[in-house]
A.B. asks: 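I'd like to ask some things about the structure below.
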Amino acid sequence: MSPTLVPDGQRARLAARALERPRGLLDALGAVRDHRRRRGRRFGLASVLSLWFAGVLAGQQTFAAVWEWAVDLPVDILPAFGLSRGVPSERTIRRLVERCDPAGLDQALSGWIARATAVADPPAGPRGLALDGKTLKGARSFTEAGAMSQEAVVEAVWHDTGIAAGHQRVVDGDEIAAVEALVGRLDLTEVLVTADSLHSHTRLARKIRARGGHWLFVIKGNQPTVHANLTRLPWDRSPDLVTTTEKAHGRIEVRSLKALTVTTPALVGFRGTRQVLRLCRRTRRKKTVTAKPTWSEEVFYLVTSLPAEQAHPRHLAARVRGHWTVEAVHHVRDRILDEDRHTVRTGNAALAWAIARDTAISALRLAGHKSIAPALRATARRPERVLQIIGLISEKGL
């Protein structure tokens, strides 16, 4: 899956094509506001940010690693990043990333990726978008009283592609407010938003509908009244509408879905509900040396604003399953990019790194890489492969 190798003599031309096209990476990052005074600037903000992101795309996991990678770049590649005075110092890269506007950086990188991700064959029904939060475990700090705080970020990830649509910092541990802020700046037309039980509340549901989207929420014990109402519905008189079987990771999972149309949302207790779902998941775990095969069963209840005529139960079952795409992205960031051990926490650096990692994963997938780990090793070996990927994404966005 590695990109085609490029002869050394063509590096400069490839770099220019990759980064100097009208909607290329430099142009996108040029929209990020530079808060420095004009006097004394040696390096442009867009140039430093593009060099830093290229290092992330090459698998570098710290500011020092990015700077060391950049120092080893061939001299003829640097002008493609807008660098005419050599490579900025590690301190300069660190300082500019720490002080950059995270909302502007997110809009620039997410917009750059979004222009290249037009879905040629959209899935049946509304497109699924998963909302979930992630704690950056390494980015922790302590007050003088000894209280610990950790950086966290909320993300929106498309079900079908695994590509991030936006990020929002979690302030003072209030993930609910961060999700609402993120929803408030996304275009949700013809989109079905999925979220876990923490965000299953009517205020978020109203915001999603106001942005033109629909919602599909899991109801658990944090909504005791709604959960009790759902359990009392006549599920025993409703047949299983969708049943799927999956075999992976040493277990067999059978998922059965029932759906009921709601004519009076007050009976459910969740305003705006048009359908209610009951998902039964039966899992068989294979035998081990010390244990026999075992079966377990879990039942989940969900509510959605989509009426039956707009969403077949099969499509809803796919969206429920597709919500786990965001967890798969978090797994890659933790296990492959080692995010949880990254201790950077000054300024906006932790959030900026999270945005860059998500964008790098998206770019590698758009370039055709199915496995992120070997893709990062490939880009680390040859810098022209980074330029190829940047050029490919930029060309798709034209």
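Everything quoted here is computed from the prediction, not taken from an experiment.
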A.B. asks: Does any part of the side chain of F217, heavy atoms only, come nearer than 4.5 Å to the side chain of L204, both counted from C-beta?
C.D. replies: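 Yes - at least one pair of side-chain heavy atoms lies under 4.5 Å apart.
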A.B. asks: Determine the minimum heavy-atom distance between P265 and T273, stating which atoms define it.
C.D. replies: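 In terms of heavy atoms, the two residues are closest at CG-O, 3.6 Å.
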A.B. asks: Could you tell me the separation between the CD atom of Q61 and the CD1 atom of I336, rounded to the nearest 0.5 Å?
C.D. replies: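 Between Q61 CD and I336 CD1, I get 9.5 Å after rounding to 0.5 Å.
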A.B. asks: In terms of hydrophobic clustering (I, L, V, M, F, W, Y; side-chain heavy atoms under 4.5 Å; direct or indirect links), are F81 and L105 co-clustered?
C.D. replies: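 Yes, one cluster joins them.
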A.B. asks: Tell me, do Q310 and P126 make a side-chain contact under 4.5 Å, heavy atoms counted?
C.D. replies: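 When only atoms from C-beta onward are counted, P126 and Q310 do not touch, as no gap falls below 4.5 Å.
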A.B. asks: Among R99, E98, R169, which residue satisfies the side chain to side chain donor-acceptor pair (under 3.5 Å) criterion with N348?
C.D. replies: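 Of R99, E98, R169, side chain to side chain donor-acceptor pair (under 3.5 Å) with N348 is met by R169 alone.
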A.B. asks: With distance as the sole test, does T264 use its side chain to make a donor-acceptor pair with the main-chain N or O of L267 at under 3.5 Å?
C.D. replies: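 No, because the side chain of T264 does not come within donor-acceptor range (under 3.5 Å) of the backbone of L267.
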A.B. asks: Main chain of V183, side chain of K207: is a donor-acceptor contact present, judged purely on distance under 3.5 Å?
C.D. replies: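 No, K207 side chain to V183 backbone: no donor-acceptor pair under 3.5 Å.
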A.B. asks: Are V276 and L302 connected, step by step, through hydrophobic side chains (Ile, Leu, Val, Met, Phe, Trp, Tyr) whose heavy atoms are closer than 4.5 Å?
C.D. replies: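 No, V276 and L302 fall in different hydrophobic clusters.
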A.B. asks: Considering all heavy atoms of both residues, which atom of A80 and which atom of L26 are nearest to each other, and what is their separation?
C.D. replies: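 Scanning both residues completely, I find the closest heavy atoms to be O-CD1, 3.4 Å.
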A.B. asks: Where do K137 and D334 land on the salt bridge (charged side-chain N to carboxylate O under 4.0 Å, His left out) test, with the steps shown first?
C.D. replies: CA-CA 10 Å; K137 295 181 180 179; D334 287 338; over 6 Å; no
A.B. asks: Please check if the side chain of R385 supplies one atom and the backbone of A378 the other of a donor-acceptor pair under 3.5 Å.
C.D. replies: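 At least one qualifying donor-acceptor pair exists.
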A.B. asks: Within the distance-only criterion (no hydrogens, no angle test), does the side chain of R211 pair as donor or acceptor with the backbone N or O of L186 below 3.5 angstrom?
C.D. replies: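 Pair found, side chain donor or acceptor close to backbone of L186.
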A.B. asks: When you compare the side chain of T243 with that of V254, does any pair of heavy atoms fall below 4.5 Å?
C.D. replies: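 Yes, at least one pair of side-chain atoms sits under 4.5 Å.
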A.B. asks: Using a distance-only test with no angle check, is there a side-chain donor-acceptor pair under 3.5 angstrom linking H201 and R206?
C.D. replies: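 Note: H201 and R206 side chains miss the donor-acceptor criterion.
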A.B. asks: Could you verify whether a donor N or O on one side chain and an acceptor N or O on the other, from S305 and H214, lie under 3.5 Å apart?
C.D. replies: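 Yes, side-chain donor-acceptor contact under 3.5 Å.
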A.B. asks: Do D358 side-chain atoms and I163 backbone N/O form a donor-acceptor pair below 3.5 Å?
C.D. replies: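 Not at all, since once roles are kept as given, no pair shorter than 3.5 Å links the two residues.
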A.B. asks: Taking the side chain as everything from C-beta on, heavy atoms only, tell me whether L131 gets closer than 4.5 Å to V157.
C.D. replies: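 L131 does not reach V157 side chain to side chain.
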A.B. asks: Do V268 and L257 share a hydrophobic cluster, counting only Ile, Leu, Val, Met, Phe, Trp and Tyr and linking them when any side-chain heavy atoms are less than 4.5 Å apart?
C.D. replies: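 Each belongs to a different hydrophobic cluster.
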A.B. asks: Is there a path from V320 to L241 through hydrophobic residues (I, L, V, M, F, W, Y) whose side chains come within less than 4.5 Å of each other?
C.D. replies: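 Same cluster: V320 reaches L241 through Ile, Leu, Val, Met, Phe, Trp or Tyr contacts under 4.5 Å.
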A.B. asks: I want to check a possible cation-pi pair here: R127 against W158, using under 6.0 Å from ring centre and within 45° of the ring axis as the test.
C.D. replies: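 R127 over W158 ring: yes.
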A.B. asks: Can you establish whether the number of heavy atoms outside Q107 located under 6.0 Å from its atom CD is more than 12?
C.D. replies: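 Not buried by this count: 12 neighbours or fewer within 6.0 Å.
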A.B. asks: Looking at OG1 of T62 and CZ of R94, how far apart are the two atoms once the value is rounded to the nearest 0.5 Å?
C.D. replies: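 The distance works out to 8.0 Å.
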A.B. asks: CZ of R335: more than 12 outside heavy atoms within 6.0 angstrom?
C.D. replies: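 No, because the 6.0 Å sphere around CZ of R335 holds 12 heavy atoms or fewer from other groups.
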A.B. asks: A side-chain contact here means heavy atoms from C-beta on lying under 4.5 Å apart; do E339 and R357 qualify?
C.D. replies: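 The answer is yes; the side chains approach within 4.5 Å.
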A.B. asks: To the closest 0.5 Å, what do you measure between OH (Y301) and NZ (K258)?
C.D. replies: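 That separation rounds to 9.0 Å.
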A.B. asks: Just by modelled atom types, is the V242 backbone N or O under 3.5 Å from a matching donor or acceptor in the D240 side chain?
C.D. replies: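 Not a single qualifying donor-acceptor pair exists.
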A.B. asks: Quick one: list whatever passes side chain to side chain contact (heavy atoms under 4.5 Å, CB included) with Q60, sequence neighbours left out.
C.D. replies: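 Q60 satisfies side chain to side chain contact (heavy atoms under 4.5 Å, CB included) with A58, A65, V66, W69, A380 once adjacent residues are dropped.
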A.B. asks: If you count every heavy atom of other residues, nucleotides or ligands that lies below 6.0 Å from E246 atom CD, does the total exceed 12?
C.D. replies: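 For E246, atom CD is crowded (more than 12 foreign heavy atoms under 6.0 Å).
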A.B. asks: Could you state the interatomic distance from CG (L96) to OG (S47), rounded to the nearest 0.5 Å?
C.D. replies: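 The CG atom of L96 sits 10.5 Å away from the OG atom of S47.
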A.B. asks: Any non-hydrogen side-chain atom of V32 less than 4.5 Å from a side-chain atom of L49?
C.D. replies: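 Result yes, sub-4.5 Å side-chain heavy-atom pair found.
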A.B. asks: With no hydrogens and no angle check, just 3.5 Å: does a side-chain donor-acceptor pair link T359 and S362?
C.D. replies: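 Not at all, the side chains of T359 and S362 share no donor-acceptor pair under 3.5 Å.
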A.B. asks: So, does W235 use its side chain to make a donor-acceptor pair with the main chain of L230 at under 3.5 Å?
C.D. replies: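 The answer is yes, because a donor-acceptor pair under 3.5 Å joins these two groups.
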A.B. asks: Are L216 and V154 joined in one hydrophobic group, where the rule is that I, L, V, M, F, W and Y side chains link up if heavy atoms are under 4.5 Å apart?
C.D. replies: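 Cluster IDs for L216 and V154 differ.
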A.B. asks: Does a side-chain heavy-atom distance below 4.5 Å link P102 with L351?
C.D. replies: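 Yes; the side chains approach each other to less than 4.5 Å.
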A.B. asks: Would V344 and V97 count as a side-chain contact (heavy atoms from CB on, under 4.5 Å) if you check the C-alpha gap in whole Å, the side-chain angles of each, and the deciding distance to 0.1 Å?
C.D. replies: CA-CA 11 Å; V344 61; V97 173; over 6 Å; no
A.B. asks: Counting only heavy atoms not in R271 (residues, nucleotides, ligands), do more than 12 fall under 6.0 Å from its CZ?
C.D. replies: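 Counting other residues, nucleotides and ligands, CZ of R271 stays at 12 neighbours or fewer.
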A.B. asks: Between S238 and P234 (side chain of the first, backbone of the second, donor and acceptor by atom type, cut-off under 3.5 Å), is there such a pair?
C.D. replies: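 Not at all, since once roles are kept as given, no pair shorter than 3.5 Å links the two residues.
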A.B. asks: Atom CZ of residue position R321 - does it have more than 12 heavy atoms of other residues, nucleotides or ligands inside 6.0 Å?
C.D. replies: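 Enclosed.
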A.B. asks: Test side-chain contact (heavy atoms from CB on, under 4.5 Å) on V303 and L277; report intermediate values, then the result.
C.D. replies: CA-CA 6 Å; V303 293; L277 311 174; over 6 Å; no
A.B. asks: Residues two or more places apart in sequence or in another chain: which of them pass side chain to side chain contact (heavy atoms under 4.5 Å, CB included) with T290?
C.D. replies: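 Listed in chain order: T288.
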A.B. asks: What are the two closest non-hydrogen atoms of S197 and K220, and how far apart are they?
C.D. replies: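 Reported closest heavy-atom pair: OG-CD, 3.7 Å.
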A.B. asks: May I ask you to check whether over 12 heavy atoms, not counting those of R203, lie within 6.0 Å of atom CZ?
C.D. replies: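 No - once you tally the heavy atoms of other residues, nucleotides and ligands closer than 6.0 Å, there are 12 at most.
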A.B. asks: Of the options H199, H159, R319, which is the one that meets T194 in a side chain to side chain donor-acceptor pair (under 3.5 Å)?
C.D. replies: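 Passing option: H159.
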A.B. asks: Run the side-chain contact (heavy atoms from CB on, under 4.5 Å) check on L136 and R333 step by step: do they pass?
C.D. replies: CA-CA 10 Å; L136 309 177; R333 282 166 50 183; 3.8 Å; yes
A.B. asks: Is any side-chain N of the basic residue among D106 and R185 closer than 4.0 Å to the acidic one's carboxylate O?
C.D. replies: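 Yes, this pair counts.
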A.B. asks: Would you please say whether a donor-acceptor pair under 3.5 Å links the side chains of E155 and H330?
C.D. replies: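 Note: E155 and H330 side chains meet the donor-acceptor criterion.
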A.B. asks: Taking atom CZ of F270 and atom CD of Q223, what is their separation to the nearest 0.5 Å?
C.D. replies: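 Result: 6.0 Å between the selected atoms.
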A.B. asks: Mind checking whether F63 and W353 have ring centres under 6.0 Å apart?
C.D. replies: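 Close enough - the centres of the two rings lie under 6.0 Å apart.
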A.B. asks: Testing the basics here: between V153 and A354, what is the closest heavy-atom pair and its distance to 0.1 Å?
C.D. replies: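 Distance-wise, the nearest heavy atoms are CG1-CB, 4.4 Å.
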A.B. asks: Evaluate whether atom CZ of R41 has more than 12 neighbouring non-hydrogen atoms of other residues, nucleotides or ligands under 6.0 angstrom away.
C.D. replies: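 Yes, CZ of R41 has more than 12 neighbouring heavy atoms, counting only those of other groups under 6.0 Å.
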A.B. asks: To the nearest 0.5 Å, how far apart are CG in L25 and CG in L109?
C.D. replies: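 One gets 7.0 Å once the value is rounded to the nearest 0.5 Å.
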A.B. asks: Is a side-chain donor or acceptor of H369 paired with a backbone partner of S371 at a separation under 3.5 angstrom?
C.D. replies: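 Here the side-chain-to-backbone pair does not exist.
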A.B. asks: Taking the side chain as C-beta and beyond, is there a heavy-atom pair between L188 and W215 under 4.5 Å?
C.D. replies: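 They are not in side-chain contact.
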A.B. asks: Do any N or O atoms from the side chain of D187 and from the backbone of T189 form a donor-acceptor pair under 3.5 angstrom?
C.D. replies: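 Confirmed, D187 side chain pairs with T189 backbone.
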A.B. asks: Show the nearest heavy-atom pair for residues C100 and A352, with the distance to one decimal.
C.D. replies: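 Between these two residues, the closest heavy atoms are SG-CB, 4.5 Å.
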A.B. asks: Closest approach of P383 and R381, non-hydrogen atoms and distance?
C.D. replies: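 What the structure gives for the nearest pair is CD-O, 4.0 Å.
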A.B. asks: Do R255 and E253 pass the salt bridge (charged side-chain N to carboxylate O under 4.0 Å, His left out) test, and can you show the C-alpha distance, the side-chain angles, and the key distance before you say yes or no?
C.D. replies: CA-CA 6 Å; R255 303 164 67 92; E253 190 173 279; 3.1 Å; yes
